[in-house]
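Worksheet: one structure, shown below.
Chain identifiers are assigned alphabetically (A, B, ...) following the order of the sequence lines, protein sequences preceding nucleic acid strands; residue numbering begins at 1 within each chain.
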Amino acid sequence: MDTVVKDTLQYRIALRNCGLINPENIDDYIAVKGYEALAVTLEQYTPKKVINIVKESHLRGRGGGGFPTGIKWELTAREQSDEKYIICNADEGDPGAFMDRSILEGDPHSVIEAMIIAGYAIGASKGYVYIRAEYPLAIDRLETAIKQAKSYGFLGNNIFDSNFSFDLELKLGAGAFVCGEETALINSLQGLRGEPTKKPPFPSVSGFRQKPTNVNNVETFANIPAIILKGSDWFNAIGTDHSKGTKVFALAGKINNVGLVEVPMGTTLRDIIYEIGGGIVDDKQFKAVQTGGPSGGVITEENLDTPIDYESIRNIGSMMGSGGMIVLDEDDDMVEISKFFLDFTQDESCGKCTPCRIGTKRLYEILERLTNMEGSPEDLDLLEELAQNVKDSSLCGLGQSAPNPILSTIDRFREEYEAYAYRTKRTTYAIDDNKCIGCTKCSRVCPVDCITGEVKQVHVINEANCIACGACYNACPVDAIIKP
Amino acid sequence: MNTLNIHVNGRPMMVKKGITVLEACHQAGIKIPTLCHLNLEEYGIVNKVASCRICVVEIENRATLVPSCAEKVYEGMHIKSDSLRAINARRNNLELLLSNHPFECLTCTKNLTCELQSLAEELNIRDISFTGKKMDYPIDHSSEAIVKDPNKCVMCRRCETMCNDVQTVGVLSGLRRGFDAVVAPAFNLDMLETSCTYCGQCVAVCPTGALTERNDVPRVWKRLSNKNYHMVVQVAPAVRVALGEMFGMAPGSISTGKIVTALRRLGFDAVFDTNFGADLTIMEEARELVHRIEEGGTLPMLTSCCPAWVKFIEHQFPDMLDVPSTCKSPQTMVGAIAKTYYAEKVNLPSKQIKVVSIMPCVAKKAESARPELSKENLHHVDYTLSTREFGHMIKEAGIEFEALPDGDFDNILGESTGAAAIFGTTGGVIEAATRTAYELLTGDPLEHIDFEELRGLEGVREATVTIGDLDLKIGIAHGLGNARKLLEDIKAGKADYHAIEIMACPGGCIGGGGQPYHHGDMSIIKARQKAIYDIDKNTPRRKSHENEMVLKLYQDYLGDPYGEKAHDLLHTCYTKGERI
Ligand SMILES: Cc1cc2nc3c(=O)[nH]c(=O)nc-3n(C[C@H](O)[C@H](O)[C@H](O)COP(=O)(O)O)c2cc1C
Ligand code: SF4
Ligand code: SF4
Ligand code: SF4
């Protein structure tokens with residue numbers, strides 16, 4: 001398991017069984033009250049009651065949007081149709097995110113159980129798990145789990161002797177990030193090109209095969225059995241006013257403890273980074289934390305004490321997203337960070353709509369111009385204007401959120417963009433006259449021989465030839481080398 | 001109940017439930033620019049992928065802008081179409097498209113008929129803020145009919161809608177992701193390697209120069225200037241009701257006489273009428289139908305004058321190649337007769353005669369190149385030009401088309417009946433065949449020549465015509481998707497038609513892939529159709545077997561209709577294809 005279990009700040013609901021039970025043995029799951037929620041549901045609750053419990057729990061979708069799960073179920077249940085479908089979105093494509101994979105690898109039955117419950121609640125008898133083909137272990141475990149659930153009679157006809165039947169199938173995604181968007185996912189599931197379609201109509205009205213379809217994220221589902229068993233009051237006691245329960249984050253970047261953490265909504269970033277994450281690597285200066293992956297933004301020091309939930313994180317200029325959290329330190333270049341994300345989104349755009357297909361490419365090209373020292377102050381205006389438009393007029397969430405990394409970093413770190421735009425940013429290494437002791441170590445390691453100086457004399461870097469490899473920086477015993 | 005109260009730019013108005021924001025704005029006197037949107041309501045075709053984002057407007061309480069073409073109005077909706085935010089977004093999106101577009105307007109086939117170009121003018125684009133990489137795909141010149149330049153594709157997906165949803169051919173679809181996304185055949189195959197029918201409906205709707213017909217004009221100019229050749233030209237029925245549109249004449253203007261004069265001035269030695277070929281086709285086809293009915297041959301018999309439809313059945317239903325009539329199409333019949341009978345009459349060797357066809361069609365280009373449509377290694381037809389290409393030639397020659405005096409077709413391949421005229425519209429071929437079959441089967445003169453029940457624009461139509469003691473059951477389909485439905489019924493044994501007419505293009509040849517662009521205005525197609533029936537009504541002879549010159553051809557040269565020589569010259573065979 002990649003999870004970090006370190007202290008009392010964490011609270012595990014979605015990851016409750018991960019690492020504790022053998023995910024390939026259904027009896028292990030049953031031993032920790034597995035499939036009890038399903039039994040209770042089928043034996044004691046009407047579909048309406050189930051929906052009410054989920055509604056009153058105020059559980060919100062963990063796939064990024066934060067839409068209230070109970071309301072989504074109700075909307076799908078309300079539709080009249082001969083067929084309805086439950087889809088579990090396990091396409092997890094954010095760079096660095098792996099919470100869904102961990103749940104599916106560590107506790108596949110919890111998701112299966114939840115999907116059956118959802119099927120009962122909305123009146124669907126068929127479910128699909130759309131999972132990335134790049135997750136072979138998760139696929140394996142799910143397949144095993146489905147087989148076991150079938151042989152125990154949890155899947156199939158007349159589950160627990162009720163007249164409810166439910167069947168589940170795995171569908172492998174081809175690994176496109178945009179296929180995590182629900183309408184694109186549904187298109188892909190139907191064998192069509194994986195590209196989004198306009199909403200409305202929402203899947204709850206017209207989804208898979210034009211039938212009412214309920215799409216939920218893996219982590220969302222993983223919460224369901226616990227909510228059914230322990231009740232909505234229990235769940236409501238955890239979290240903030242508008243965001244209940246917990247959230248799993250994938251901690252990464254310049255932080256000592258990387259991995260998954262599950263904390264109650266309302267935990268501060270300071271606690272996550274310093275208490276759970278163990279602070280910044282090498283005690284460097286914290287610069288920002290990037291949340292929400294390619295659709296999110298950066299949060300800086302002044303907001304580290306904000307209790308994090310769906311609303312507050314938006315108010316401080318970022319996104320919850322699926323829970324990616326990359327910690328940045330003083331060495332990180334914010335323009336490069338934007339460029340990294342834009343490179344990802346322009347590549348992953350499905351290419352359907354103009355602002356995203358061409359706009360993200362042009363945004364990336366502007367950033368590239370800037371970091372190549374070929375930009376101009378006008379490029380900054382262009383960047384901002386275009387970023388706003390791509391956000392405002394793209395067809396789906398990918399394009400609508402792709403500019404966020406730019407908009408958020410340009411808001412907080414404008415000077416870094418300006419340094420590039422006005423070409424005042426130094427791109428080569430230099431030597432601090434006051435610190436240099438003339439040991440010659442730097443000139444000996446420089447691969448392009450651009451450092452000169454006599455022994456015990458101050459050394460100089462010829463900036464025209466410096467390739468910014470940093471060899472001198474690592475060699476200097478007295479920290480006299482100045483980074484670009 | 002069925003009306004809604006909305007606000008457009010602050011002004012209240014009442015609109016019908018179910019309309020789009022775009023339509024509501026139109027009713028409020030506001031024109032919102034569009035690009036990918038295409039509404040061919042009459043055929044039930046609406047392209048609303050909402051991909052271009054040119055028609056975006058602001059809607060109160062919506063976080064992002066909304067594509068007006070794909071959004072329905074609701075009670076209490078507040079639409080803002082003229083806010084700076086919306087206007088800037090439209091301009092921004094258009095500039096993005098232009099930043100990835102080759103600046104070849106001056107030499108582009110679509111110069112002055114390009115919707116992207118008009119949009120740039122409409123949105124007052126004076127310079128383009130963005131620079132950067134442009135798409136760099138090779139241009140596909142592989143087929144005889146269609147040229148595909150992916151670098152001009154704006155991903156409007158109209159062609160895909162036509163190819164997949166309307167024609168059910170399934171050649172064109174979205175390929176690749178991100179900036180490299182284009183519409184293309186699977187694996188980016190060349191068009192020639194696919195089961196493309198060349199109906200050209202993608203060309204008819206492509207807003208830019210990404211899909212165009214092959215330009216055969218230079219080849220024709222070259223031949224015309226070479227005095228060693230005797231240049232024969234023929235004009236299809238649907239051309240005469242559409243060409244005028246290219247010269248500012250009202251849709252539905254009939255310009256047969258001017259066309260003849262223009263062709264003479266361009267230097268053609270003989271100006272013939274494809275309608276003659278249409279009458280000839282009926283002589284053969286009606287005979288074939290009667291033969292199949294009386295001798296217990298394969299029924300239903302399907303018409304075979306549309307080459308895109310022929311290619312469709314070859315690729316999509318290769319085991320049903322015994323159902324289409326074996327008759328060649330009118331254009332190839334005229335070509336065949338021109339290079340044999342006519343050649344003898346003017347005392348020229350066949351190879352010295354070059355036949356040019358002016359067609360509403362893109363598929364006829366590929367048809368002309370089919371090896372079996374030839375005699376002694378000479379293709380029946382040498383060059384096929386679309387209505388549009390012909391219009392360009394007239395302009396290039398500096399001929400003031402509108403002012404031309406009327407001319408008459410040359411004999412003998414210039415005479416035709418009203419039955420031939422209606423070949424240009426859906427339902428026409430079968431009506432013409434019925435007129436002749438009636439008299440063949442009963443021996444009585446036909447009183448009511450107008451078979452109204454066979455006319456219209458509905459995708460699939462059927463009618464029963466009582467001929468003596470036979471109830472002739474007729475089916476009609478236009479658009480290949482509709483054709484597929486009929487074929488599947490036949491295959492499943494669910495259809496008991498005697499004869500079926502199929503035209504690949506919605507509307508028939510009046511809506512052909514080579515016609516002047518209709519830009520989604522269906523009233524143009526209707527006006528062309530009306531003109532076709534007007535020609536029929538005003539022609540003295542209205543049954544193909546009353547065409548005296550056709551009769552003379554049989555007398556002088558062919559012998560019996562559906563006889564041995566006719567078979568050799570006027571009938572063909574089909575080849576199984578694959579579905580790619
Ligand atoms: C570009 C893009 C990618 C997405 N990727 C995922 C994903 O990998 N997993 C996921 O659960 N939701 C993803 N979503 C959100 C889904 O569209 C959808 O809202 C979600 O699956 C609904 O489940 P929830 O309500 O349980 O969150 C993505 C959305 C967008 C716009
Ligand atoms: S926003 Fe991007 S990913 Fe979404 S539909 Fe448009 S091109 Fe495709
Ligand atoms: S080829 Fe033409 S019709 Fe097809 S998507 Fe591109 S621009 Fe649109
Ligand atoms: S319907 Fe007419 S224009 Fe269209 S492909 Fe057939 S013959 Fe050509």
Side-chain angles (χ1 to χ4, degrees), chain A residues 174-179 184 187 192-201 314 342-369 378-379 381-383 385-402, chain B residues 35-36 48-58 62-67 69-72 74 83 85-101 116 128-135 153-157 160 164 173-183 186:
Chain A
F177 173 60
V178 71
C179 285
N187 280 334
L192 301 172
R193 181 173 158 90
E195 64 181 22
T197 37
K198 187 193 145 309
K199 294 188 277 191
R314 236 174 231 277
L342 261 295
D343 191 21
F344 177 81
T345 39
Q346 60 101 19
D347 205 45
E348 292 291 339
S349 157
C350 81
K352 181 172 183 173
C353 69
T354 310
C356 178
R357 179 178 73 252
I358 308 176
T360 56
K361 179 85 178 174
R362 297 289 176 250
L363 287 172
Y364 175 76
E365 286 171 341
I366 297 172
L367 293 171
E368 209 177 26
R369 271 208 301 276
E378 290 74 43
D379 277 335
D381 298 335
L382 203 58
L383 188 70
E385 191 192 317
L386 180 55
Q388 277 303 347
N389 178 53
V390 172
K391 197 174 157 71
D392 211 13
S393 63
S394 286
L395 191 149
C396 85
L398 192 151
Q400 286 164 8
S401 61
Chain B
L35 181 59
C36 64
K48 53 170 181 194
V49 289
S51 67
C52 72
R53 319 307 277 183
I54 294 292
C55 72
V56 288
V57 296
E58 249 184 273
R62 284 286 185 90
T64 58
L65 296 172
V66 167
C69 71
E71 186 77 18
K72 294 250 159 81
Y74 55 76
S83 68
R85 182 176 156 212
I87 289 173
N88 273 345
R90 290 178 207 150
R91 152 184 289 277
N92 216 272
N93 289 333
L94 182 58
E95 283 187 38
L96 285 172
L97 285 171
L98 296 175
S99 76
N100 183 31
H101 205 81
L116 187 66
I128 297 161
S129 319
F130 313 105
T131 52
K133 195 183 154 197
K134 288 188 180 188
M135 273 196 290
C153 174
V154 294
M155 284 294 278
C156 71
R157 317 296 278 277
E160 193 179 338
N164 296 344
S173 60
L175 192 79
R176 310 229 165 107
R177 320 195 68 83
F179 188 74
D180 296 326
V182 283
V183 173

Check ion pair [X]-[Y] (N to O, under 4.0 angstrom):
| X | Y | answer |
| --- | --- | --- |
| A/Glu195 | B/Arg157 | yes |
| B/Glu71 | B/Arg62 | yes |
| A/Arg369 | A/Glu365 | no |

Mind ranking [options] by heavy-atom pairs under 4.5 Å with chain A and telling me who comes out on top?
| options | answer |
| --- | --- |
| B/Leu35, B/Val154, B/Thr131, B/Asp180 | B/Thr131 |
| B/Ser129, B/Gly174, B/Ala50 | B/Gly174 |
| B/Asn100, B/Asn92, B/Val56, B/Val66 | B/Asn92 |

Side-chain touch B/Cys156/B/Cys52, heavy atoms, less than 4.5 angstrom: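 With C-beta onward as the side chain, the pair stays apart.
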Counting N and O atoms only, with roles assigned by atom type, does the side chain of [X] sit under 3.5 Å from a partner on the main chain of [Y], one being a donor and the other an acceptor?
| X | Y | result |
| --- | --- | --- |
| A/Lys198 | A/Pro200 | yes |
| B/Ser51 | B/Met155 | yes |
| A/Ser349 | A/Gly351 | yes |
| B/Glu95 | B/Ile128 | no |

Quick one: what part of [X] sits under 4.5 Å from any heavy atom of chain B, side chain, backbone, both or neither?
| X | result |
| --- | --- |
| A/Val178 | side chain |
| A/Ser394 | backbone |
| A/Asp392 | both |
| A/Arg193 | side chain |
| A/Thr197 | neither |
| A/Lys352 | both |

Against chain A, label [X] side chain, backbone, both or neither, depending on which of its atoms sit under 4.5 Å from a heavy atom there.
| X | value |
| --- | --- |
| B/Lys133 | both |
| B/Leu94 | neither |
| B/Val182 | neither |
| B/Ala86 | neither |

A/Arg362 side, atom CZ; B/Ser99 side, atom OG - distance, nearest 0.5 Å: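 Reported value, rounded in 0.5 Å steps: 3.5 Å.
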